[in-house]
Amino acid sequence: MDKREKWAAAVSWFMFFFLLAVICVLSFQSGDATKALEKPFVTGVTGTADRQLSKETILTITFYIRQAGRAVLFFALGLSGGCGVFLSFRRFGRPATGAMACAVLFGISYFTEKMKIFIEGRHYAFAECLESFVFAVLGYFFASAAFLLWRRRKEDRGR
């Protein structure tokens with residue numbers, strides 16, 4: 001592994017653990033803290049409407065903002081983890097690294113969702129755990145496809 005690849009692996013792992021910390025902090029907040037955090041985003045989105053929105057519409061918008069935020073964070077987690085895996089664990093085969101990565105990503109998704117049962121004002125939903133896992137795996141597969149194309153391009157230049 002050359003110096004650039006070592007640097008890229010270090011940055012990928014830093015981003016992975018940073019995103020994991022952000023996800024844990026956001027997941028382990030109380031219901032009141034979560035509502036206080038999302039209020040500026042919801043106000044910014046609903047404040048642009050031409051007419052007064054109903055409370056139900058605002059709650060629906062809030063739900064979709066929260067889901068989109070989770071999707072982006074878990075996609076980025078899978079992407080950065082995938083980059084770290086492909087740069088750091090070249091000796092292992094792709095199926096082995098893929099299975100390990102999926103197990104770790106599911107564990108993270110399940111843990112961050114299951115711990116909500118211990119937090120006041122939050123709830124556990126296995127469907128949300130699966131959504132988080134799917135977006136994380138999509139990020140991992142995106143990294144996998146990018147590295148596959150990068151290696152093929154590198155091999156074609158070597159010929």
Side-chain angles (χ1 to χ4, degrees), residues 1-29 33-34 37-49 60-116 119 122-159:
M1 184 183 314
D2 68 356
K3 198 172 193 175
R4 275 189 338 208
E5 290 175 351
K6 286 181 183 180
W7 184 81
V11 168
S12 296
W13 285 119
F14 173 78
M15 286 300 299
F16 177 81
F17 287 110
F18 175 75
L19 288 167
L20 181 59
V22 168
I23 288 169
C24 286
V25 166
L26 293 175
S27 292
F28 301 152
Q29 290 182 353
T34 302
L37 182 65
E38 68 192 18
K39 187 172 176 98
F41 294 109
V42 174
T43 304
V45 171
T46 59
T48 60
T60 302
I61 291 169
T62 304
F63 173 77
Y64 285 119
I65 288 173
R66 188 180 297 157
Q67 299 296 49
R70 182 179 335 110
V72 168
L73 281 173
F74 274 93
F75 182 84
L77 183 77
L79 181 67
S80 61
C83 290
V85 164
F86 293 122
L87 288 168
S88 302
F89 302 111
R90 291 185 179 180
R91 288 180 285 182
F92 297 103
R94 287 230 185 223
T97 56
M100 286 187 295
C102 284
V104 167
L105 292 173
F106 181 77
I108 291 169
S109 301
Y110 184 76
F111 175 74
T112 57
E113 191 62 36
K114 187 68 171 181
M115 288 298 110
K116 291 179 184 176
I119 300 168
R122 301 297 296 265
H123 68 281
Y124 166 74
F126 189 70
E128 291 183 7
C129 168
L130 289 180
E131 290 172 12
S132 300
F133 173 66
V134 165
F135 282 106
V137 169
L138 284 174
Y140 178 82
F141 283 141
F142 187 81
S144 176
F147 273 87
L148 182 66
L149 292 173
W150 177 64
R151 286 193 178 139
R152 282 189 181 167
R153 195 173 127 219
K154 196 174 177 181
E155 288 172 1
D156 288 344
R157 274 195 258 155
R159 290 183 189 169

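None of the values given here were measured: they were computed from a predicted structure.
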What residues, two or more places apart in sequence or in another chain, satisfy salt bridge (charged side-chain N to carboxylate O under 4.0 Å, His left out) together with Arg70? Glu128, Glu131
For Leu77 and Leu20, work out which heavy atoms get closest and say how close. CD1-N, 3.8 Å
Check side-chain contact (heavy atoms from CB on, under 4.5 Å) between Leu138 and all other residues, then give those that pass, not counting sequence neighbours. Phe75, Val134, Phe135
With Phe147, which residues qualify under ring pair (Phe, Tyr, Trp, His ring centres under 6.0 Å), at least two apart? Phe86, Trp150
Provide the full list of salt bridge (charged side-chain N to carboxylate O under 4.0 Å, His left out) pairs with a residue in residues 136-148, sequence neighbours left out, each pair given once. none
Nearest heavy-atom neighbours spanning Ala9 and Leu87: N-CD1, 3.5 Å
side-chain hydrogen bond (donor to acceptor under 3.5 Å, both in side chains): pairs with one or both residues in residues 135-147, sequence neighbours excluded: Arg94-Ser144
Can you list every salt bridge (charged side-chain N to carboxylate O under 4.0 Å, His left out) pair that touches residues 103-112, not counting sequence neighbours? none
For Ala33, the side-chain contact (heavy atoms from CB on, under 4.5 Å) test, sequence neighbours excluded, returns Gln29, Ser30
Not counting sequence neighbours, which residues clear ring pair (Phe, Tyr, Trp, His ring centres under 6.0 Å) with Phe126? List them please. none
Which heavy-atom pair separates Leu19 from Ser80 by the least distance, and what is that distance? CD1-OG, 3.9 Å
Can you name the side-chain contact (heavy atoms from CB on, under 4.5 Å) partners of Ser109, sequence neighbours left out? Phe74, Cys129, Ser132, Phe133
Side chain to side chain, Leu130 and Phe106, heavy atoms closer than 4.5 Å: yes
In short, side-chain hydrogen bond (donor to acceptor under 3.5 Å, both in side chains) pairs touching residues 11-20 with sequence neighbours left out are Trp13-Ser88
Of all pairs that satisfy salt bridge (charged side-chain N to carboxylate O under 4.0 Å, His left out), the ones with a partner from residues 19-28, not counting sequence neighbours: none
Give the minimum heavy-atom separation between Ala136 and Leu105, together with the two atoms involved. O-CD1, 3.8 Å
Under the rule for side-chain contact (heavy atoms from CB on, under 4.5 Å), what residues qualify as partners of Met100, not counting sequence neighbours? Thr97
Under a 3.5 Å distance rule, please check whether Glu113 uses its side chain to pair with a backbone N or O of Ala125 as donor and acceptor. yes
Which atom of Ala143 lies closest to which atom of Cys83, heavy atoms considered: CB-N, 3.9 Å
With Lys116 as the cation and Tyr124 as the aromatic partner, state whether NZ or CZ is under 6.0 Å from the six-membered ring centre and within 45° of the axis. no
